[in-house]
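Only one structure is covered here, and it is reproduced in the block below.
We name chains A, B, ... by the order of the sequence lines, and we start the count at 1 in each one.
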Amino acid sequence: MKTTDTPPSGPSGTPSDADAAKVPAQRTGTVSKGSSAPVKSSEGHVLNVFSHGMLILWAIMVVLPLFWAVMSSFKTDSDIFNTPWSLPSSLNFDSWGRAWSQAHMSEYFLNTILVVGGSLVGTLVLGSMAAYVLARFEFPGNRFIYFLFVGGMSFPIMLALVPLFYVMDNMGLLNTIHGLIAVYIAYSLPFTVFFLTSFFRTLPTSVAEASIIDGASHTRTFFQVMLPMAKPGLISVGIFNFLGQWNQYMLPTVLNTDPEKRVLAQGLVELAASQGYKGDYSGLFAGLVIAMLPVLAAYIIFQRQVVSGLTAGALK
Amino acid sequence: MQHGKYRFIVGFLVVPMTLYVIFVIWPFIQSIYYSFTDWTGLSPDFKMVGFDNYTKMLDDDVFWKSLQHSVLLAVLLPLVTLGLALFFAFMLNVGGRRRKGAAISGVRGSGFYKIAYFFPQVLSIAIVAILFQFAFDPAQGMINGTLKAVGFNDVPDWLGDPQLALWVIMAVLVWCTTGFFVVLFSAGMASIPKDFYEAALLDGASRFTTFFRITLPLLWDTVQSGWVYMGILALGAEGFAIVHIMSVGPGGPDYSTTVLPLYVYQSAFRDGQAGYATTIGVALLLVTLAFAAIVMRVGRRERLEF
């Protein structure tokens with residue numbers, strides 16, 4: 001037993017029993033740091049210094065590479081290699097222009113917006129329809145269909161992609177925007193249905209019953225009563241799907257090999273290869289930053305919703 | 001009324017079900033079937049070859065290598081990521097200086113840390129992979145540049161070194177996933193009643209005892225599902241994307257970074273062995289299911305309610 005709140009007698013509060021063995025490193029730090037400042041509770045203080053140190057270190061490790069990319073996009077190529085850590089001498093937007101127009105970033109952007117826009121709307125509409133029916137109606141096969149959808153979450157997509165490539169080929173959907181949208185929707189359904197089914201179950205039944213009694217059809221009840229009530233759930237699952245689809249790499253790599261139809265992630269990989277040959281590294285970094293900016297801006301603005309959407313969404 | 005109900009159910013299910021069956025379920029069933037054929041993927045002709053692909057796979061060194069790498073990723077990656085995330089989350093929520101009136105408190109600025117740590121999670125894996133590919137570039141990257149600047153002249157070749165390449169890739173995956181779990185675990189820790197901690201502190205428990213006796217057991221469900229989630233990511237899309245973009249080849253020198261999904265992709269679309277590729281895919285499916293089952297089994301504890 002150890003009393004944490006009593007002021008220690010020694011310079012650092014001699015660690016006792018089990019703790020000493022568990023955390024020798026932290027305790028050694030105590031001696032120098034702990035004695036230099038007036039402390040009320042030495043353990044709290046030491047931990048504070050230690051934890052702050054580790055937290056700051058990780059924060060630096062997270063921010064530094066991103067900062068390096070942004071800085072490099074303004075520099076000339078020789079500056080990137082010779083003085084990787086100095087600030088750019090002037091704000092040089094040339095590379096941004098090169099990446100945007102010559103490297104086709106603008107087209108990749110447009111393709112991505114089309115694909116993600118279409119599939120996000122489709123995923124939410126179709127996913128909530130299926131989830132609503134599965135959550136609120138009793139019918140034979142309900143459980144089977146539910147588990148068919150939910151089972152898809154644990155299958156490795158790569159296994160299905162090989163035959164899927166030929167299914168798409170036969171249907172003439174390979175290398176088309178609408179084909180890609182259909183596939184994105186299909187692969188987003190397992191999680192969306194899973195999440196929204198449990199969400200619809202939590203909504204009160206009385207409101208829907210009242211609207212049926214008032215003479216509204218099931219369809220009308222769904223679109224005018226239930227969907228508005230499900231808005232928080234739709235936002236969560238919408239953010240989750242938006243990021244997933246915007247950042248999708250495996251599906252387009254396999255199913256969308258036409259250079260004209262590339263999405264952002266593919267375009268960047270292509271850019272990395274070609275700029276690497278040409279030695280246009282500032283152009284490459286500009287391309288990376290252009291691709292990063294919209295998501296980063298959205299994250300900073302909607303930070304709270306993104307975090308709650310993803311954490312509510314990812315694990316349940 | 002009853003008639004209207006069934007028409008409504010069918011009407012609402014038909015489109016999502018059709019899409020799902022055509023693009024997800026049907027290809028899965030087909031892939032099991034194709035794994036018993038010698039289909040190249042290039043011509044429409046193929047014949048059944050029984051278990052030939054499976055015996056070939058068991059003799060294939062590259063398969064064993066990629067299986068080893070995939071399993072390593074699925075086991076080690078969650079261990080490091082979740083360990084780091086638990087540590088940071090505990091620091092953020094309980095590691096702070098004790099203030100008056102509160103038994104426990106987070107460090108100052110914990111809100112800022114959570115925002116910053118979460119950053120990489122919203123970035124595309126392609127962006128992350130390209131960024132670090134250049135950071136680890138042996139001649140011109142930021143990392144070797146910095147090492148040289150502080151006096152190390154014998155700098156490693158990172159992704160070009162078969163001994164190091166997979167570890168570099170793993171480190172990048174840790175970099176981009178830890179923040180998500182910090183936020184997730186923080187939310188979990190915030191919902192643990194404060195009086196648990198107060199009682200523990202009154203009894204004289206240190207913060208480390210508190211962590212292992214209170215926080216971790218109460219958070220165990222979240223940790224466990226996080227483990228499964230990370231493992232499936234590492235075995236699937238994320239593992240494929242990062243190896244495909246970052247590693248030289250791709251697949252690394254001497255197949256040192258090849259993982260199962262990448263090998264499926266290369267067999268099918270580079271080597272023209274669609275039948276064999278689906279066989280490896282079936283192995284990947286088995287590994288994934290076994291992984292999830294083992295984690296669920298090993299991690300099963302009595303559920304704690306609070």
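With hydrogens and angles ignored, the 3.5 Å screen pairs no side-chain donor or acceptor of B/Ser267 with any backbone N or O of B/Ala277. Judged purely by atom type and a 3.5 angstrom limit, B/Trp175 uses its side chain to pair as donor or acceptor with the backbone of A/Met61. B/Asn144 contributes no side-chain N or O that, together with a main-chain N or O of B/Ala139, makes up a donor-acceptor pair within less than 3.5 Å. Not one N or O on the side chain of A/Asp169 forms a donor-acceptor pair closer than 3.5 Å with the backbone of A/Phe165. A donor-acceptor pair under 3.5 Å is formed between the side chain of B/Asn93 and the backbone N or O of B/Ala89. The closest donor-acceptor contact from the side chain of B/Ser206 to the backbone of B/Thr209 lies under 3.5 Å. Formation of a donor-acceptor pair under 3.5 Å by the A/Gln266 side chain with backbone atoms of A/Val263 is found in this model. Here the side chain of A/Tyr146 pairs no donor or acceptor atom with the backbone of A/Val193 at under 3.5 angstrom.
Contact of A/Leu55 with chain B is made through backbone and side chain together, with heavy-atom distances under 4.5 Å. Contact annotation for B/Phe269: only side-chain heavy atoms (C-beta onward) come within less than 4.5 Å of a heavy atom of chain A. In this structure, chain A has no heavy atom under 4.5 Å from any part of B/Ala187. For chain A, no part of B/Ile29 is nearby; none of its heavy atoms comes within less than 4.5 Å. For B/Leu260, no part lies near chain A; criterion is any non-hydrogen pair under 4.5 Å. Looking at A/Leu243, only its side chain comes within 4.5 Å of chain B, counting heavy atoms on both sides. Proximity to chain B is absent for every atom of A/Ser217, based on heavy atoms less than 4.5 angstrom apart. Only the side chain of A/Ile185 comes within contact range of chain B, with heavy atoms under 4.5 Å apart. Neither the backbone nor the side chain of A/Leu264 comes within contact range of chain B, judged by heavy atoms closer than 4.5 Å. At a 4.5 Å heavy-atom cutoff, the contact between A/Ile56 and chain B is made by backbone and side-chain atoms alike. Interface remark: B/Tyr113 contributes side-chain atoms only to the contact with chain A (heavy atom separation under 4.5 Å). In this structure, the portions of B/Val282 lying under 4.5 Å from any heavy atom of chain A include both its backbone and its side chain. Contact of B/Ala292 with chain A is not made at all, since no heavy-atom distance falls under 4.5 Å. In this structure, the portions of A/Phe155 lying under 4.5 Å from any heavy atom of chain B include both its backbone and its side chain. Only the side chain of A/Phe137 comes within contact range of chain B, judged by heavy atoms closer than 4.5 Å. A/Val307 touches chain B through backbone and side chain together, each having a heavy atom under 4.5 Å away. Looking at A/Ile300, only its side chain comes within 4.5 Å of chain B, counting heavy atoms on both sides. With a 4.5 Å cut-off on non-hydrogen atoms, A/Leu251 does not touch chain B at all.
Contact count against chain B (heavy-atom pairs under 4.5 Å) is highest for A/Leu148 among A/Leu173, A/Leu148, A/Leu189. Note: B/Phe119 leads B/Tyr33, B/Phe240, B/Phe119, B/Phe112 in heavy-atom pairs under 4.5 Å with chain A. Counting heavy-atom pairs under 4.5 Å between each of A/Thr253, A/Leu126, A/Val254, A/Ile157 and chain B puts A/Leu126 at the top. If you tally non-hydrogen atom pairs under 4.5 Å between each of B/Tyr34, B/Trp26, B/Trp39 and chain A, the highest count goes to B/Trp39. Counting heavy-atom pairs closer than 4.5 Å to chain B, the top residue among A/Leu66, A/Leu271, A/Val63, A/Leu64 is A/Leu66. Chosen from B/Pro120, B/Ala135, B/Gly11, the residue pairing most often with chain A at heavy-atom distances under 4.5 Å is B/Ala135. Taking A/Val295, A/Leu268, A/Leu288 one by one and counting their heavy-atom pairs under 4.5 Å with chain B, the maximum is reached by A/Leu288. With respect to chain B, the highest number of heavy-atom pairs below 4.5 Å among A/Phe139, A/Tyr132, A/Trp246 belongs to A/Phe139. When each of B/Val15, B/Thr288, B/Val24, B/Asp137 is scored by its heavy-atom pairs under 4.5 Å with chain A, the top score falls to B/Val24. Of the residues considered (B/Leu289, B/Ile245, B/Ile125), B/Ile245 shows the highest number of contacts with chain A, using heavy-atom pairs under 4.5 Å. Across A/Val306, A/Leu134, A/Val167, A/Leu161, the residue that shares the most heavy-atom pairs under 4.5 angstrom with chain B is A/Val167. When the candidates B/Val21, B/Leu13, B/Val122, B/Leu19 are compared by the number of heavy-atom contacts under 4.5 Å with chain A, B/Val122 comes out ahead.
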Exercise for the section: Show the numbers, then the answer: is there a ring-ring contact (aromatic ring centres under 6.0 Å, His included) between B/Tyr20 and A/Phe149? Expected result: CA-CA 8 Å; B/Tyr20 187 62; A/Phe149 272 120; 4.6 Å; yes

Exercise for the section: Apply ring-ring contact (aromatic ring centres under 6.0 Å, His included) to A/His218 and B/Phe12, showing your working. Expected result: CA-CA 10 Å; A/His218 285 299; B/Phe12 262 38; 9.3 Å; no

Practice task
Give the C-alpha distance, both sets of side-chain angles, the deciding distance and a yes or no for ring-ring contact (aromatic ring centres under 6.0 Å, His included) between B/Phe185 and B/Phe88.
Solution key: CA-CA 9 Å; B/Phe185 293 153; B/Phe88 287 135; over 10 Å; no

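At least one side-chain heavy atom of A/Tyr249 sits under 4.5 Å from a side-chain heavy atom of A/Val269.
With ring centers used as reference points, A/Tyr281 lies 6.0 Å or more from A/Phe285.
Under the ring pair (Phe, Tyr, Trp, His ring centres under 6.0 Å) criterion, B/Phe23 pairs with no residue at all, not counting sequence neighbours.
Here the closest non-hydrogen pair linking B/Leu285 and A/Pro156 is CD1-CD, 3.4 Å.
Between the side chains of A/Gln245 and A/Thr123, a donor-acceptor pair is found at a separation under 3.5 Å.
The neighbour count for A/Phe302 CZ, taken as heavy atoms of other residues, nucleotides or ligands under 6.0 Å away, does not exceed 12.
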